[in-house]
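Structure first, then comments.
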Amino acid sequence: MDNLSEALEKLKLTSTDGISDSVESCLDCLLKALARNNTETSVKIQEIGLLPLFPSLLNPQSSCSPKVSNIIAELAKNEFMRSPCVEAGLIPPLIQLLKSTDQEVLLQTGRALGNICYDSHEGRSAVDLAGGAQIIAEHIRSFSQNTEPENQKLLTVFVGMLMNYSNDNDSLQAQLINMGVIPTLVKLLGIHSHNTALTEMCLIAFGNLAELESSKEQFASTSIAEELVHLFQKQTEHEKKEMIFEVLAPLAENDVIKLQLVEAGLVECLLEVVAQTMDGEREEDITQLKTASDLMVLLLLGDESMQKLFEGGKGSVFQRVLSWIPSHNHQLQLAGALAIANFARNDGNCIHMVDTGIVQKLLELLDRHVEEGNVTVQHAALSALRNLAIPVVNKSKMLSAGVANVVLKFLQSEMPPVQFKLLGTLRMLIDTQGNCLQACWPAEAADQLGTNGKLVERLVEWCEAKDHAGVMGESNRLLSALIRHSKSKEVVQSVIHGGGVKHLVTMATSEHMIMQNEALVALGLMAALDLVAAEKDFVGASLVSVLHKLLSDERSAPEIKYNSMILICAVMGSEPLHKEVQSLAFIDVVSKLRAHENKTVSHQASLTEQRLTAQS
């Protein structure tokens with residue numbers, strides 16, 4: 001029976017006669033041939049038309065069904081054989097064999113189905129239609145406690161089959177999640193943690209399923225955090241750690257699981273990886289350092305997990321992260337700055353951090369990157385400074401530490417993410433509604449920044465950055481903030497000279513009410529402080545027409561209507577603007593607002609109407 005062609009022909013004949021001995025020997029010959037040269041043998045089997053004979057040989061009562069399943073498993077290793085296997089009707093009889101109690105039958109059938117499903121839409125659809133995934137999931141559940149080597153091998157094949165079945169297919173992954181596969185696989189990981197092949201297969205399956213948002217809730221109700229951390233602590237090989245990292249990253253996006261991972265001791269594991277790899281030059285050290293530090297930052301995105309690690313600013317984790325900022329390693333600098341930005345998500349933490357000198361560390365880091373120019377580090381450090389500047393009590397301390405001067409060094413950056421954070425940091429430093437003691441520093445800073453010709457010029461340029469909405473919005477807001485918080489005639493003249501008026505008028509038409517309001521207040525201050533200088537630009541930007549639309553629009557918020565009327569009164573001292581107000585019949589619009597439900601608006605409408613009438 002060494003001749004393959006002879007065996008194939010004989011199998012064609014004997015399979016129909018049911019002569020079991022001859023069939024068995026032919027199958028043995030096929031298996032040997034597949035072991036020698038799988039691709040060539042598969043081509044011959046397809047050419048001779050043998051596949052349609054296999055369904056009749058996949059009889060649960062037949063002694064040769066394990067060998068036939070084994071042959072199908074070997075054939076389906078070839079991509080070109082998967083669709084023919086489906087077309088030959090092999091899936092339904094294979095699914096029937098899953099009801100067998102024979103371990104060898106189950107093993108080979110699981111292999112066959114898993115290989116047919118691998119990267120094959122037709123294979124997956126056929127298995128789905130025949131309900132194969134449900135049966136395999138039930139088998140895994142019922143066999144999960146058995147730690148015998150043969151059973152573990154079977155479980156590995158079954159988990160692999162479900163993995164191939166659902167890989168890169170959201171609807172089939174959702175189906176498995178609804179079947180309750182996740183809790184079963186988590187139990188497997190705990191019971192069989194010593195079995196490398198099975199745990200690896202579970203990890204790959206987790207990696208697939210964890211990408212789906214609907215899986216997170218189910219994972220959170222299991223002991224997945226403890227199991228993964230326990231498994232991670234045992235690993236010494238880079239590849240194995242990477243496999244666990246690939247599961248941890250998507251899971252750690254969930255706030256409940258973040259806290260579970262922190263409580264299970266993942267942070268200590270990550271800090272150890274950082275300590276071991278921070279000076280390493282091998283590619284795997286660099287990869288592990290990045291993965292571990294990125295994951296650390298991700299854990300700090302959850303409010304509860306972040307506060308647990310902050311421990312009032314005395315936590316060992318917080319202290320360790322601080323030590324990363326002066327490091328010479330860009331990845332650690334980045335992770336350290338991002339971690340600080342995440343810790344700086346509530347006022348208490350921000351105040352504590354500023355009081356304990358973190359600002360100086362961040363400024364030194366930024367100073368190093370004026371020359372080194374690592375954009376991600378610049379962006380992260382600016383993010384941290386912006387967050388730290390939010391509490392009113394921090395603003396004057398940060399300004400006196402020289403934050404504004406260091407931030408201005410990045411004014412020439414051409415990178416939108418850096419521009420965005422730079423603008424946000426400066427705006428936060430001067431943006432305060434505090435009392436005079438707290439607000440005088442920001443007001444003085446707004447005055448200095450607002451008369452900085454280079455800054456105003458750059459802001460006006462960025463106000464036109466239509467490709468970067470964030471930068472454009474922040475530029476407008478900072479331009480407005482400089483006027484509002486300085487209340488300085490010099491700043492107003494600086495903005496007029498720099499060509500900023502038209503952008504503030506456009507900002508008054510923004511879809512965001514807060515930006516509209518900020519623009520109107522800034523324009524009102526301009527008119528009050530130096531109407532003569534602003535007059536030409538107000539006319540050129542059609543300010544009066546914009547105000548008419550805002551007052552006529554029923555959707556305008558009460559604050560917008562109020563500040564628009566204040567501005568109308570303020571521009572009446574200009575002859576050309578006064579003429580525009582008269583030509584647009586503002587009295588009709590304003591008189592209607594006297595009946596407005598908001599008392600502040602109705603009162604201002606009465607005052608504005610009197611002013612308009614008196615000067616008509």
Side-chain angles (χ1 to χ4, degrees), residues 207 210 225 228-229 231-233 235-255 257-302 305-311 313 315-345 349 353 358 361-362 364-366 368-369 372 374-385 387 417 421:
L228 289 174
V229 172
L231 197 62
F232 190 87
Q233 287 165 339
Q235 301 310 320
T236 53
E237 293 177 40
H238 166 70
E239 288 77 13
K240 301 286 170 56
K241 286 182 179 178
E242 279 297 312
M243 283 184 81
I244 301 170
F245 275 142
E246 282 174 22
V247 180
L248 286 168
L251 287 179
E253 289 168 8
N254 177 278
D255 282 358
I257 301 175
K258 277 187 183 80
L259 186 59
Q260 290 173 354
L261 289 168
V262 168
E263 289 173 341
L266 178 60
V267 173
E268 288 72 19
C269 295
L270 297 177
L271 290 173
E272 196 177 319
V273 171
V274 169
Q276 290 169 352
T277 57
M278 61 194 295
D279 298 318
E281 293 179 2
R282 294 178 306 168
E283 192 174 332
E284 65 181 55
D285 288 335
I286 295 164
T287 304
Q288 274 197 47
L289 178 66
K290 180 175 178 0
T291 310
S293 53
D294 283 351
L295 191 49
M296 183 82 194
V297 171
L298 186 57
L299 291 176
L300 293 173
L301 278 172
S305 53
M306 179 269 286
Q307 280 304 95
K308 190 173 180 68
L309 295 171
F310 189 66
E311 291 182 67
S316 60
V317 172
F318 172 65
Q319 296 300 328
R320 189 84 74 90
V321 163
L322 274 187
S323 73
W324 295 352
I325 293 174
S327 157
H328 293 289
N329 185 302
H330 284 184
Q331 176 58 35
L332 276 190
Q333 293 170 3
L334 171 64
L338 288 174
I340 297 304
N342 286 345
F343 279 125
R345 287 210 315 281
N349 291 4
M353 286 193 279
I358 278 177
K361 284 183 166 62
L362 290 167
E364 286 165 8
L365 177 62
L366 274 174
R368 288 162 66 183
H369 283 277
E372 289 184 38
N374 186 297
V375 173
T376 54
V377 176
Q378 292 171 359
H379 180 263
L382 289 168
S383 296
L385 288 171
N387 289 1
K421 288 298 177 185

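Positions are given from 1 along the sequence. This one's a predicted model, so the numbers in the text were calculated from it and none came from an experiment.
When Q235, K241, K240, E242 are each tested for a side-chain contact (heavy atoms from CB on, under 4.5 Å) with H238, only one passes: E242.
Side-chain contact between T277 and I286 is absent, with no heavy atoms from C-beta onward closer than 4.5 Å. Counting only heavy atoms from C-beta outward, the side chains of L270 and V274 never approach each other to under 4.5 Å. Taking the side chain as every heavy atom from C-beta outward, I340 and M353 approach each other to under 4.5 Å.
Atom-to-atom distance recorded for L309:CG and L299:CG is 7.5 Å, nearest 0.5 angstrom. L261 CG to L228 CG: the interatomic distance, rounded to the nearest 0.5 Å, is 7.5 Å. A distance of 7.5 Å separates CG in L366 from CD in Q378, rounded to the nearest 0.5 Å. Rounding to the nearest 0.5 Å gives a distance of 11.0 Å between CE of M243 and CD of E237. Note that CG of L298 is 11.0 Å distant from CG of L338, once rounded to the nearest 0.5 Å.
The two residues G302 and R345 come nearest to each other via the heavy atoms C-NH2, 3.5 Å. When all heavy atoms of V377 and N374 are compared, the closest pair comes out as N-OD1, 3.1 Å. Across V262 and S305, no two heavy atoms sit closer than the pair CG2-CB, 3.8 Å. Smallest separation of non-hydrogen atoms from A380 and L334: CB-CD1, 3.7 Å. Here the shortest heavy-atom pairing between N387 and A344 reads CB-O, 3.4 Å. Considering all non-hydrogen atoms of both residues, L362 and A384 come closest at CD1-CB, 3.8 Å.
For E281, there are no salt bridge (charged side-chain N to carboxylate O under 4.0 Å, His left out) partners, not counting sequence neighbours. Taking the salt bridge (charged side-chain N to carboxylate O under 4.0 Å, His left out) definition, one finds that K258 meets it with D255, sequence neighbours left out.
In this structure, N349 contributes its side chain and F343 its backbone to a donor-acceptor pair below 3.5 Å. A donor-acceptor pair is defined here as one N or O able to donate and one able to accept, closer than 3.5 Å; no such pair exists between the side chain of R368 and the backbone of L365.
Sorted by first and then second residue, the side-chain hydrogen bond (donor to acceptor under 3.5 Å, both in side chains) pairs involving residues 262-272 (not counting sequence neighbours) are E272-Q276.
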message: Between H328 and Q333, is the side chain to side chain donor-acceptor pair (under 3.5 Å) condition met? List the steps.
response: CA-CA 7 Å; H328 293 289; Q333 293 170 3; 5.6 Å; no

Acceptor/donor pairs from residues 315-327 side chains to any protein atom, 3.5 angstrom cut, sequence neighbours excluded:
from, atom 1, to, atom 2, distance (Å)
Q319, NE2, G313, O, 2.8
S323, OG, R320, O, 2.5
S327, OG, N329, N, 2.8

For a quick test of your reading: what N or O donor-acceptor pairs under 3.5 Å do the side chains of residues 290-297 make, sequence neighbours left out?
from, atom 1, to, atom 2, distance (Å)
K290, NZ, D294, OD2, 2.6
T291, OG1, T287, O, 2.8
S293, OG, L289, O, 2.7
S293, OG, K290, O, 3.2
S293, OG, Q331, NE2, 2.9
D294, OD1, Q331, NE2, 3.2

Side-chain donor-acceptor pairs under 3.5 Å in residues 245-254, sequence neighbours left out?
from, atom 1, to, atom 2, distance (Å)
N254, OD1, V256, N, 2.9
N254, OD1, I257, N, 3.0

